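Please read these numbers as outputs of a predicted model, since none were measured by experiment. Below, chain A is the first sequence line, B the second, and so on; all start at residue 1.
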Amino acid sequence: MKEVETQDPEEPRDFIRDIIRADLAQGRCDSVVTRFPPEPNGYLHIGHAKSICLNFGVAAEFGGRCNLRFDDTNPVKEEHEYIDSIQADVRWLGFDWGENLFFASDNFETLYDWACHLIRGGHAYVDDLSAEDIRAHRGTLTEPGKNSPFRDRAPEENLDLFARMRAGEFADGTRTLRVKIDMTSGNINLRDPVLYRILRATHPRSGDTWCIYPTYDFAHGQSDAIEGVTHSLCTLEFEDHRPLYDWLIDNLPTPSRPRQYEFSRLNLTHTVLSKRRLTLLVQEGHVAGWDDPRMPTLAGLRRRGVPPAAIRDFIHRIGLTKSDNRVEVAALEHCIREHLNRSAERRLAVLRPLKVVIENYPEGQSEELEALNNPANPDAGTRQVPFGRELYIDRADFMEEPPKKFFRMSPGREVRLRYAYFVICREVVKNDAGEVIELRCTYDPQTRGGNAPDGRKVKATIHWVSAAHALRAEVRITNHLFTRPDPGAEGDFLQDINSEAMSVLEDCRLEPALGEAPLGEAIQFEREGYFCLDPDTKPGHAVFNRTIALRDSWAKAQAKGGN
RNA sequence: UGGGGCGUAGCCAAGUGGUAAGGCAGCGGGUUUUGAUCCCGCGACCCCAGGUUCGAGUCCUGGCGCCCCAGCCA
């Protein structure tokens, strides 16, 4: 992968980094430790990229470290497949956690001890209330909650009960361990939140060792403290949890004192970035899988051919704040094009073939023409492209009765075949249905390479492929997964799925050099866009995905005029 | 009507009392063997209303709007 590094030389500036700089300057910490804490219950998406780039980026900038920690506290939703995919995706994005791989589940024993510590201090109690009763006692947003009748059990009884919860004496859901804070707090997270629940489910890592599992609130901050995390960066919805986060750290014998800071999560137009919705798309078969090229997952973007550097650049450009936002996908697409324009090699490929016969080109003859691999990068060198009497051009590059501003091929008009010759369409061949099936053209041998000795100009250069040498391929055209910029804003988001998000062109013709296209690396098909070989490719059946189209002001003008 | 946040251009986003950066999108124009790229140009009564100040996007007061929280999810 020939990636172009475009990291802005200037360091990112944002409120989080300002806080860290101040903490360092004022001695509140002497090094920086962050962590990226995914729950292994789904694949990573571009929203996670924001957190990954932040956590790993900050650690690198300040000479600290960033841990990869799995918050694996809910075995009913978590799977090993996700533990593996998440690691692969973080690496692909370009980050390395070295030896610092952790699991919240590795702390289960410590967490159990700390729960007992709270019980002994009279700060936690085993509650026999059912889930419904707990909800009923919790109150509402405007009314305070009521204390559980079990709230004042003696520490000894609580200790005994908690041990028996662990020992499996009670059925799932029949008891919880709760921390005793304040049932009247305006912050609902402080109304005696649950620390432990009974859950008989096989954990991906600890198996059946436990039948009680700590909740997020009792595992996350504690794991941070155990790992020595200094800055625990998370998204805005956890802001309300910070008082609880701090309360627990204050009341537990933790080895360190992490601080939580919140930033706003990324939202993108024309897609969804909630794990719930993405999981639904996969499970209900609306897409082919987590790595479907239409998906905003890192796996999907990778399969589409999006370079990781483009994603990093995108994240860098959108900034980091606490404001709710929905970034236009166009911003991402711009980053992808910008990186690919410099890094991707160019090839000729005809997506919707229309046969062209050069009548004055000798039958049975062929020749090789030199073509630039990347006009944006001379170091990419050149290649030979075969030319012959019979060619294919794209149907969109010919119009029998062209409108005023159409400059491509039409009867009697001279155009350039890229890197080859000037040609003029002399005759249009149609089938019985009146459809154009072939063009009879003549070429000017004097224009070999694409320039006329007499200096005459043409208004268009089109791409082509020699029929005799062409490779066949299937090309998948990917578009936005949703028609609306804000899927689900009015009704069910599934109703907003773009039925044309994936269309397949079965009979494309490629220049021979494309036979050596590497898997997953985007290549520019000139005048069309960037494409990459898909893993669905089989011997004799190449499949390409379109990473992204080139900008097309002609199509845009057409669309505008057509309205 | 409880608690926590957020409001600067169509979309992101700088700005930390001294007279509104930058990017994306859009619109013009130039170059061009990709209608691409590249280059040039064009956009703000800073949510509103008062107040403090020589001076307010920045400070104060009062409104308004939007987001999050009532999982034994994270």
Whole-angstrom distance between B:rG28 and B:rC47, as gauged at atom C1': 32 Å
Please classify the nucleic acid contact of A:Asp18 as base, sugar-phosphate, or nothing, using heavy-atom distances under 4.0 Å. base
Which part of the nucleic acid, if any, lies within reach of A:Lys556 when heavy atoms closer than 4.0 Å are counted: base, sugar-phosphate only, or nothing? sugar-phosphate
Sidechain N-carboxylate O distance under 4.0 Å for A:Asp313, A:Arg317: yes
Let me know which of A:Arg456, A:Lys459, A:Lys457 forms a salt bridge (Lys or Arg N to Asp or Glu O under 4.0 Å) with A:Glu414. A:Arg456
Considering only heavy side-chain atoms of A:Leu550, the closest of B:rA14, B:rU34, B:rG2 is B:rU34
Give me the distance, rounded to whole Å, that separates B:rC69 from B:rG17 when you measure between the P atoms they each carry. 35 Å
Here's a test for you: under ring-ring contact (aromatic ring centres under 6.0 Å, His included), which of A:Phe103, A:Phe218, A:Tyr213 qualifies with A:Phe108? A:Tyr213
Would you say the side-chain atoms of A:Arg242 and A:Asn189 include a donor-acceptor pair closer than 3.5 Å? no
Would you indicate what A:Pro144 reaches in the nucleic acid, counting non-hydrogen atoms under 4.0 angstrom: base, sugar-phosphate, or nothing? nothing
No-hydrogen, no-angle side-chain donor-acceptor test under 3.5 Å, A:Arg347 and A:Asn373: yes
What string of B, S and - do you get for nucleotides 67-74 of chain B, 5' to 3', if B is base contact, S is sugar-phosphate-only contact and - is no contact with any protein heavy atom under 4.0 Å? SBBBSBSB
Measure CH2/A:Trp554 against P/B:rU32 and give the value in whole Å, please. 21 Å
Do the side chain of A:Glu143 and the base of B:rG2 come within less than 3.5 angstrom through a donor-acceptor pair of N or O atoms? no
Please confirm whether the backbone N or O of A:Glu39 pairs with a side-chain atom of A:Lys77, one donor and one acceptor, at under 3.5 Å? no
Distance in angstrom units between A:Glu333 CD and B:rG23 C1', rounded: 15 Å
Quick check: does any side chain N or O of A:Asn158 sit under 3.5 Å from a backbone N or O of A:Arg153, one acting as donor and the other as acceptor? yes
Evaluate the criterion side-chain contact (heavy atoms from CB on, under 4.5 Å) for residue pair A:Glu511 and A:His463; output intermediate values, then yes/no. CA-CA 10 Å; A:Glu511 68 160 281; A:His463 58 101; over 6 Å; no
Should A:Arg337 be listed as having a side-chain N or O under 4.0 Å from OP1 or OP2 of B:rU37? no
Under 4.0 angstrom, heavy atoms only, what part of the nucleic acid is A:Arg326 near: base, sugar-phosphate, or nothing? sugar-phosphate
Can you tell me the distance, in whole Å, between the CZ atom of A:Arg527 and the P atom of B:rU32? 18 Å
Quick check on B:rU34: is either OP1 or OP2 less than 4.0 Å from any side-chain nitrogen or oxygen of A:His463? no
Using a strict heavy-atom distance below 4.0 Å, which residues from residues 259-278 of chain A are in contact with RNA chain B? none
A:Phe15 atom CZ is separated from B:rU58 atom P, nearest whole Å, by 21 Å
Does A:His334 or A:Ala460 map to a spot on RNA chain B nearer the 5' end, using the closest nucleotide for each? A:His334
Does a donor on one side chain sit under 3.5 Å from an acceptor on the other, for A:Arg35 and A:His220? yes
So what does A:Arg416 hit on the nucleic acid, given a heavy-atom distance under 4.0 Å: a base, only sugar-phosphate, or nothing? base
Which part of the nucleic acid does A:Phe525 contact within heavy-atom distance under 4.0 Å: base, sugar-phosphate only, or nothing? nothing
Taking the nucleotide of RNA chain B with the closest heavy atom to each, which residue, A:Tyr419 or A:Glu328, is nearer the 5' end? A:Glu328
B:rU34 base / A:Glu528 side chain donor-acceptor hit below 3.5 Å: no
Please evaluate the base of B:rU37 for a donor-acceptor partner in the side chain of A:Arg342 within a cut-off of under 3.5 Å? no
Run through A:Glu368, A:Glu367, A:Glu370 and flag the one making a salt bridge (Lys or Arg N to Asp or Glu O under 4.0 Å) with A:Arg448. A:Glu367
Looking at A:Asp127 and A:Arg151, is any side-chain nitrogen of the basic one under 4.0 Å from a carboxylate oxygen of the acidic one? no
Looking only at atom P, what distance separates B:rG7 and B:rA36, rounded to whole Å? 38 Å
When the distance from CG of A:Asp394 to C1' of B:rG35 is rounded to whole Å, what number comes out? 14 Å
Between B:rC24 and B:rC38, how many Å separate the two P atoms, rounded to a whole number? 9 Å
Under 3.5 Å, side chain of A:Arg416 to main-chain N/O of A:Gly450, donor-acceptor pair present? yes
With the side chain of A:Asn325 defined as its heavy atoms from C-beta on, choose the nearest nucleotide among B:rC12, B:rG4, B:rG23. B:rC12
In whole Å, what separates the C1' atom of B:rC46 from that of B:rU37? 36 Å
Spacing of A:Asp552 atom CG relative to B:rG35 atom C1', expressed in whole Å: 7 Å
Side-chain (A:Lys50) to main-chain (A:Ser264) donor-acceptor, under 3.5 angstrom: yes
Starting at CG of A:Leu244 and ending at P of B:rG4, how long is that distance when rounded to a whole Å? 16 Å
Rounded to whole angstrom, note down the C1' distance from B:rC48 over to B:rG57. 14 Å
Steps toward side-chain contact (heavy atoms from CB on, under 4.5 Å) verdict (A:Leu268, A:Ile46): CA-CA 9 Å; A:Leu268 258 192; A:Ile46 192 163; 3.9 Å; yes
Rounded to whole angstrom, note down the P distance from B:rC60 over to B:rG10. 28 Å
Of all the base pairs, Watson-Crick or G-U under 3.5 Å, which form stems of three or more consecutive pairs involving RNA chain B? B:2-7 with B:64-69, B:10-12 with B:22-24, B:26-30 with B:38-42, B:47-51 with B:59-63
Can you check the distance between B:rA9 and B:rC72, where both ends of the measurement are the C1' atom (answer in whole Å)? 47 Å
Would you kindly check whether a donor in the side chain of A:Arg242 faces an acceptor in the base of B:rG4, or vice versa, at under 3.5 angstrom? no
